Asker: 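Quick one: structure below, then a few questions.
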Amino acid sequence: MGLDFHIDHLQLLSPAGEASESAGPIAEDAQLLRRLYRAMNRTRVFDAKAVALQRTGKLGTFASALGQEAIGVGVAAAMAPHDLLAPSYRDHGAQFLRGVSITEILLYWGGDARGSDFKAARADFPICVPVGTQVAHAVGAAYAFKLRKEPRVVATFVGDGGSNNGGFYEALNMAGVWRAPLVVVINNNGWAISTPRTIGTAAESLAQKAIAAGVLGRQVDGNDVLAVHVAAREAIEKARDGGGPTVIEAISYRLGDHTTADDATRYRDPEDLKAAWAREPISRLRAYLAAKGFWDREQETALLKQCGEEVEAEVARYLSTPAPKSDAMFEHLYATLPPAMRLQLEEARRFAPGEGDGHG
Amino acid sequence: MGLDFHIDHLQLLSPAGEASESAGPIAEDAQLLRRLYRAMNRTRVFDAKAVALQRTGKLGTFASALGQEAIGVGVAAAMAPHDLLAPSYRDHGAQFLRGVSITEILLYWGGDARGSDFKAARADFPICVPVGTQVAHAVGAAYAFKLRKEPRVVATFVGDGGSNNGGFYEALNMAGVWRAPLVVVINNNGWAISTPRTIGTAAESLAQKAIAAGVLGRQVDGNDVLAVHVAAREAIEKARDGGGPTVIEAISYRLGDHTTADDATRYRDPEDLKAAWAREPISRLRAYLAAKGFWDREQETALLKQCGEEVEAEVARYLSTPAPKSDAMFEHLYATLPPAMRLQLEEARRFAPGEGDGHG
Amino acid sequence: MAEVTLVEAVNLALAHEMQRDADVLLLGEDIGVNGGVFRATNGLLGRFGRERVIDTPLAEAGIAGVAIGMAAMGLKPVAEIQFSGFIYPAIDHIINHASRLRNRTRGRLTCPMVLRSPCGAGIHAPEHHSESPEAMFAHMPGLRVVIPSTPARAYGLLLASIRDPDPVMFFEPTRLYRLFREEVADDGEALPLDSCFVSREGRDATVVTWGATHYDVLAAAEQLGEEGIDIEVVDVATLKPLDFDTILASVEKTGRCVIAHEAPRTAGFGAEIAAQICERGLYFLQAPIKRVTGYDVVVPLSRLEKQYMPSVERIADGVKQVMEAQ
Amino acid sequence: MAEVTLVEAVNLALAHEMQRDADVLLLGEDIGVNGGVFRATNGLLGRFGRERVIDTPLAEAGIAGVAIGMAAMGLKPVAEIQFSGFIYPAIDHIINHASRLRNRTRGRLTCPMVLRSPCGAGIHAPEHHSESPEAMFAHMPGLRVVIPSTPARAYGLLLASIRDPDPVMFFEPTRLYRLFREEVADDGEALPLDSCFVSREGRDATVVTWGATHYDVLAAAEQLGEEGIDIEVVDVATLKPLDFDTILASVEKTGRCVIAHEAPRTAGFGAEIAAQICERGLYFLQAPIKRVTGYDVVVPLSRLEKQYMPSVERIADGVKQVMEAQ
Ligand SMILES: Cc1ncc(C[n+]2csc(CCOP(=O)(O)OP(=O)(O)O)c2C)c(N)n1
Ligand SMILES: Cc1ncc(C[n+]2csc(CCOP(=O)(O)OP(=O)(O)O)c2C)c(N)n1
Ligand SMILES: [Mg+2]
Ligand SMILES: [Mg+2]
């Protein structure tokens with residue numbers, strides 16, 4: 001008697017950018033691969049700019065996705081528009097593909113709630129800061145879709161640190177019981193701020209956390225956007241077909257600081273960081289694309305130029321957005337402001353310093 | 001690549017009371033087996049009496065361990081006196097072996113906090129009602145022992161329902177990282193009040209929840225006190241030797257209502273209950289003991305008489321315990337009552353109705 | 001029109017809204033086949049099916065969290081936390097998400113959910129089954145906090161809570177669940193969520209109260225009436241947002257005020273009411289305010305719970321104190 | 001004697017007690033190599049080792065729970081919750097266990113733990129990093145709730161909290177962490193946990209406050225002084241159990257009272273203070289009490305946090321209001 005469990009591991013592109021024999025049709029899908037490549041680059045260009053804005057006092061604390069671009073991009077590219085995203089705070093790579101604008105992400109980290117009023121991704125959840133709580137929201141949304149027989153799937157992201165939180169476990173366990181149409185992606189970037197993954201859990205993998213919930217768990221090379229994308233596509237299809245949830249552990253590395261408020265040199269061996277750069281997802285895909293003739297130097301130059309220009313335009317839009325007024329604290333607190341709170345609103349107005357300066 | 005996990009299942013005594021070939025020395029240890037048998041019977045006699053007391057208005061709501069006697073007894077009998085117990089609310093079978101008195105357990109369920117001031121098991125945790133929270137306390141205590149290099153092990157019990165709670169997971173995960181000297185026993189009695197185990201989780205076993213924490217998980221037949229005891233002994237020895245925590249899922253069945261406030265006929269198929277009676281632990285062990293010549297009818301009669309008398313004596317002690325006074329609310333709230341609360345204490349005294357009647 | 005208990009009124013309201021609105025669904029521990037440990041959801045699984053009456057795993061944080069996800073997608077989940085003593089793990093989702101989702105997204109996503117939970121002492125229940133945590137929630141911006149004191153108010157306020165477009169904490173005093181019956185027309189008429197109720201008019205002093213204590217205040221009012229003291233009783237019912245005007249008008253009339261609640265005194269919601277009187281009604285007061293409440297101790301196990309709760313005697317005594325003071 | 005910041009004072013106190021008492025140990029997220037995200041535990045891992053300075057997994061409920069288990073076995077854990085916005089999952093263990101263990105076991109087991117957590121707005125931090133949840137804890141019987149307002153008080157009160165035989169919630173206003181320096185002798189002298197501090201004596205009105213707002217109240221006092229209004233400033237410091245006598249004595253002297261705190265007004269701890277004045281000091285009041293607080297809204301993201309907080313201007317304005325009222 002007894003029970004046996006297996007956690008598989010998927011890698012389609014080696015760190016050197018060579019496709020494995022089992023890579024399948026995706027390895028030949030130049031159009032898709034270029035789309036993924038562009039999106040990853042756009043995320044990286046944005047991240048660099050956002051960090052620079054913070055350094056010059058034009059943005060609040062910011063969490064860059066540097067090195068983990070393949071995860072957000074690979075997953076979001078597998079989603080249908082009517083699917084739903086429940087992001088963490090490091091998933092703008094995915095959010096951009098969902099239609100969230102760079103300006104919105106900047107407004108959010110610039111301390112302006114209007115950044116969460118996504119003009120395009122109307123149904124997607126906003127950025128979630130309390131680590132792991134977004135997984136329960138994702139499960140509830142997935143339940144709603146299932147109940148209404150809408151063929152929609154929810155994808156959510158959580159960190160390696162977050163996967164040790166009770167909220168992650170309770171939500172995943174419910175998803176298992178309810179066979180909710182859900183994909184939980186663990187961005188295992190090796191660190192929860194200064195806490196290495198090995199101090200977070202004794203589990204050999206994070207994918208095996210799915211076993212506790214009776215859910216399928218898989219490991220993928222999170223620096224291999226092909227593997228991420230294929231695993232996400234399979235999980236989303238399974239969920240859409242009523243096959244229930246999947247956990248995907250995507251193994252990557254946080255090449256930057258935790259946020260701009262962090263200084264990783266305090267706790268991280270520079271050698272580790274150097275080694276991780278050798279596995280990073282963008283140059284890996286570039287090597288493959290170049291070798292296949294799917295991508296050349298000119299395209300590269302054009303892409304980086306385009307990303308830079310686009311980001312600059314959005315930054316300008318962000319910087320010229322007038323600051324919110326004190327009324328905004330009271331707006332949308334309830335559908336209708338309780339009359340007794342009117343006095344507070346007026347007090348706030350009375351004491352508001354010259355409102356109206358931009359985010360710069 | 002990939003990872004493989006195995007959950008084993010231990011049964012040494014079949015439901016018919018036949019020992020398996022691999023049962024080992026315990027199957028011949030008449031003295032130990034008689035001790036286990038006595039303790040299980042004592043628990044059962046107590047449970048019947050406690051339920052009767054509640055029915056006649058002499059006890060508050062009570063949670064019987066009927067059918068699950070092998071779990072508490074099998075585990076507690078494997079503990080050393082200086083080990084520590086962090087019980088749930090259904091573990092008086094274990095607590096009795098730890099030296100907690102019947103009177104204390106009755107006082108607790110009779111609504112008198114003095115029932116948690118164990119005269120013998122001074123260091124053991126009190127009964128824990130918020131499901132699953134005791135596991136974290138157990139981990140903290142185990143950490144303290146490890147830090148101080150005391151060779152003590154903590155055992156804690158949690159239900160099948162509780163094993164789906166985030167608190168269980170967080171605590172177990174910490175225990176895994178810290179290699180805490182801990183044994184977590186999941187009393188899988190099939191039900192969380194009216195919620196069957198299958199609605200609680202999609203996991204094929206509850207032992208596999210340990211995998212998520214990188215901890216060893218085992219399944220045992222929880223109606224087989226030999227299996228429970230052997231598994232507990234192995235886990236405790238491992239923990240004492242620095243080998244870290246173990247999760248033991250003991251599969252049993254709740255033969256009674258959830259508590260005296262519950263009516264299981266509302267939600268439970270009588271056929272299931274009947275089938276479960278055929279697997280219950282006491283008659284199983286009796287059959288084995290009798291077949292081996294370790295136990296006879298006279299011993300049985302004497303045991304039941306003795307248990308009955310002892311329980312009656314303790315019940316009398318419980319019933320004649322004077323009710324607590326209103327001061328008790330203020331005592332032990334802090335090491336020293338804040339002076340400003342003195343007025344409240346006096347107000348309570350002033351309004352206390354004729355204090356001093358017994359629990360009857 | 002039938003005479004029903006408070007718990008039956010809760011059941012009627014749930015059934016009514018589930019029938020009327022397919023977006024309403026229930027989730028919680030043991031609410032299905034078992035009909036809830038207090039039978040508040042009795043019969044609803046049979047009528048509305050497993051998909052809309054969900055027996056959840058034992059996970060209060062998860063229950064609150066998934067309810068938020070459902071609500072954000074337009075469902076109207078009514079989640080039950082089996083006892084208020086087990087609501088604490090859900091607080092994170094309530095304060096960090098339920099109460100903020102609308103504000104955070106500038107109205108793009110909303111959270112029309114109700115979190116029901118039995119509360120209070122007095123039924124000889126085990127440890128942790130006698131909590132009164134309403135003040136903690138009344139402190140959280142973006143929430144509504146409701147506690148009914150009669151079957152009719154339970155029915156009307158629960159309907160209103162389910163229909164409200166924002167999250168509502170709905171606490172049901174277990175001691176009142178079966179204490180008395182009252183005529184309740186199952187007519188789908190909601191009661192307002194922004195008003196206190198004047199349960200009894202009186203001249204001499206105002207007693208502001210809610211939940212199970214309301215019952216004892218009315219009993220004290222009878223006793224005091226016989227002694228010639230005529231008290232006005234205000235049932236707060238909706239603690240947040242607070243209809244302070246009704247309280248203020250009463251205190252203006254009577255000039256004296258007792259606040260009675262079961263939760264511990266310090267930083268209980270009675271403090272907020274006293275503070276507002278102090279801010280806006282100071283000159284009405286002919287005597288210091290008196291709070292008659294649970295003591296600042298852990299709710300004791302059942303043998304002492306009566307000594308803990310604000311009894312009829314303590315309430316009457318409190319009123320006499322404010323009557324005597326000059 | 002060195003001039004230190006508040007966060008350095010916290011560090012000094014932790015180091016002092018760890019050195020003095022081998023039972024003291026620290027646990028929390030990123031408190032080890034990283035020294036805490038605010039550096040409150042900087043250098044302590046190196047000095048006291050991994051076994052006594054524990055970097056935990058990301059699990060606030062678990063952190064509180066294991067700390068209770070450690071404390072019950074006689075250790076003196078000082079747990080850090082990285083920000084008060086993430087303290088909510090820990091509430092269950094705090095209210096259901098930490099605050100009750102001694103009472104529940106009639107003194108057999110105790111819970112000498114401290115739960116430290118940075119609190120408050122004003123440092124342009126991201127969402128959920130600006131909470132002021134002290135009132136929720138002040139409502140829980142069996143706890144102590146402490147909030148220092150200066151480096152010296154942080155040092156002395158933290159020492160006292162660690163030495164206290166019961167659980168203490170210790171909130172550290174992030175805005176004060178590095179705002180100013182003060183001389184602090186690292187002499188191991190604790191401050192009392194049962195007293196408010198009169199930070200400034202004055203004749204005309206009493207301002208009761210705590211935490212970061214204390215700093216602004218002192219600034220307002222300077223301004224008001226120039227305008228001829230002389231306020232007395234009471235730093236509550238220990239909210240629970242409350243030293244109300246010091247507050248009452250001040251209000252008796254001045255006859256006017258403003259209560260200033262950063263948490264939302266409704267059911268904030270200011271309400272408790274106002275209520276007690278209303279009960280015991282009504283006749284001292286020459287004007288209604290005024291609360292100057294955070295509004296009853298979700299703490300906004302950083303662009304609006306200044307508008308949310310009780311500013312020097314709002315505090316001064318509040319004092320003038322109570323001065324004008326008759
Ligand atoms: C519940 C909670 N606790 C603590 C924090 C503070 N915090 C923010 S991010 C973080 C680490 C998260 O690590 P991980 O889950 O691995 O995600 P990553 O940041 O690496 O993407 C912590 C502790 C938080 N946001 N939420
Ligand atoms: C956190 C929490 N939620 C809810 C309850 C109410 N309750 C008491 S026992 C129980 C079911 C527990 O089931 P299980 O863990 O399987 O233990 P069993 O009672 O079967 O031994 C519930 C829901 C509780 N005590 N604690
Ligand atoms: Mg991480
Ligand atoms: Mg069970």
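Values in this document were obtained by computation on a predicted structure and should not be read as measured data. Proteins get letters first, then strands, A, B, ... in listed order; numbering begins at 1 in each.
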Asker: Heavy atoms, side chains only, cut-off 4.5 Å: are B:E170 and A:N164 in contact?
Answerer: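 The answer is no, as the side chains (C-beta and beyond) never meet within the 4.5 Å cut-off.
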Asker: Quick one: CZ on A:R90 to CD1 on A:I71, what's the gap to the nearest 0.5 Å?
Answerer: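 Between A:R90 CZ and A:I71 CD1, I get 10.5 Å after rounding to 0.5 Å.
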Asker: B:V158 versus B:V185: any side-chain heavy-atom pair under 4.5 Å?
Answerer: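 SC-SC contact between B:V158 and B:V185 ruled out.
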Asker: Quick check on the 6.0 Å ring-centre criterion: do B:Y169 and A:Y169 meet it?
Answerer: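 Ring centres of A:Y169 and B:Y169 closer than 6.0 Å.
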Asker: Do A:V75 and A:V228 make a side-chain contact, defined as non-hydrogen atoms from C-beta onward lying under 4.5 Å apart?
Answerer: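 Side chain of A:V75 against side chain of A:V228, heavy atoms only: contact under 4.5 Å found.
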Asker: Please output the residues of residues 207-225 of chain B in contact with chain A, using a heavy-atom cutoff of under 4.5 Å, in numerical order.
Answerer: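 The stretch touches chain A at B:Q208, B:K209, B:I211, B:A212, B:A213, B:G214.
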Asker: Answer yes or no: is there a side-chain heavy-atom contact under 4.5 Å between A:V184 and A:L172?
Answerer: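 A side-chain contact under 4.5 Å exists here.
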Asker: Sub-4.5 Å heavy-atom contacts with chain B: which residues of residues 189-203 of chain A show up?
Answerer: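 Hits under 4.5 Å: A:T198, A:I199, A:G200, A:T201, A:A202, A:A203.
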Asker: Any donor-acceptor pair under 3.5 Å linking the side chain of A:Q134 with the backbone of A:H137?
Answerer: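 Looks like no, no N/O pair under 3.5 Å.
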Asker: Does atom CZ of A:R179 have more than 12 heavy-atom neighbours, drawn from other residues, nucleotides or ligands, at distances under 6.0 Å?
Answerer: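 Check fails, neighbour count at 12 or below.
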Asker: Do the side chain of B:S252 and the main chain of B:G67 share a donor and acceptor less than 3.5 angstrom apart?
Answerer: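 Checked: pair present.
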Asker: Looking only at heavy atoms, which of residues 230-250 of chain B get nearer than 4.5 Å to chain A?
Answerer: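 Counting heavy atoms that sit under 4.5 Å from chain A, no residue of residues 230-250 of chain B is involved.
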Asker: Select all residues of residues 6-19 of chain B having any heavy atom within less than 4.5 Å of some heavy atom of chain A, and report them by number, or 'none'.
Answerer: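 Counting heavy atoms that sit under 4.5 Å from chain A, the residues of residues 6-19 of chain B involved are B:H6, B:I7, B:D8, B:H9.
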Asker: Quick one: does A:F125's side chain get under 4.5 Å of A:V154's, heavy atoms only?
Answerer: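 A:F125 does not reach A:V154 side chain to side chain.
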Asker: Treating A:E150 as the side-chain partner and A:R148 as the backbone partner, does any N or O pair qualify as donor plus acceptor under 3.5 Å?
Answerer: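 Judged by distance alone, no pair lies under 3.5 Å.
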Asker: Just do the side chain to side chain contact (heavy atoms under 4.5 Å, CB included) check on B:Y288 and B:L33 with the steps written out, would you?
Answerer: CA-CA 10 Å; B:Y288 177 72; B:L33 295 180; 3.8 Å; yes
Asker: Any sub-3.5 Å donor-acceptor pair from A:D91's side-chain atoms to A:S88's backbone N or O?
Answerer: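 Yes, the answer is positive, given that a donor and an acceptor are paired below the 3.5 Å cut-off.
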Asker: Rounded at 0.5 Å granularity, tell me how far CD1 in A:I186 sits from CG in A:L206.
Answerer: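 A:I186 atom CD1 to A:L206 atom CG measures 5.0 Å (nearest 0.5 Å).
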Asker: Counting distance only, does the side-chain N/O of B:Y89 pair as donor-acceptor with the main-chain N or O of B:P130 below 3.5 Å?
Answerer: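 Flag not set: sc B:Y89 to bb B:P130 has no pair under 3.5 Å.
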Asker: If the threshold is 4.0 Å, N to carboxylate O, is there a salt bridge linking B:D262 and B:R254?
Answerer: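 Salt bridge: yes.
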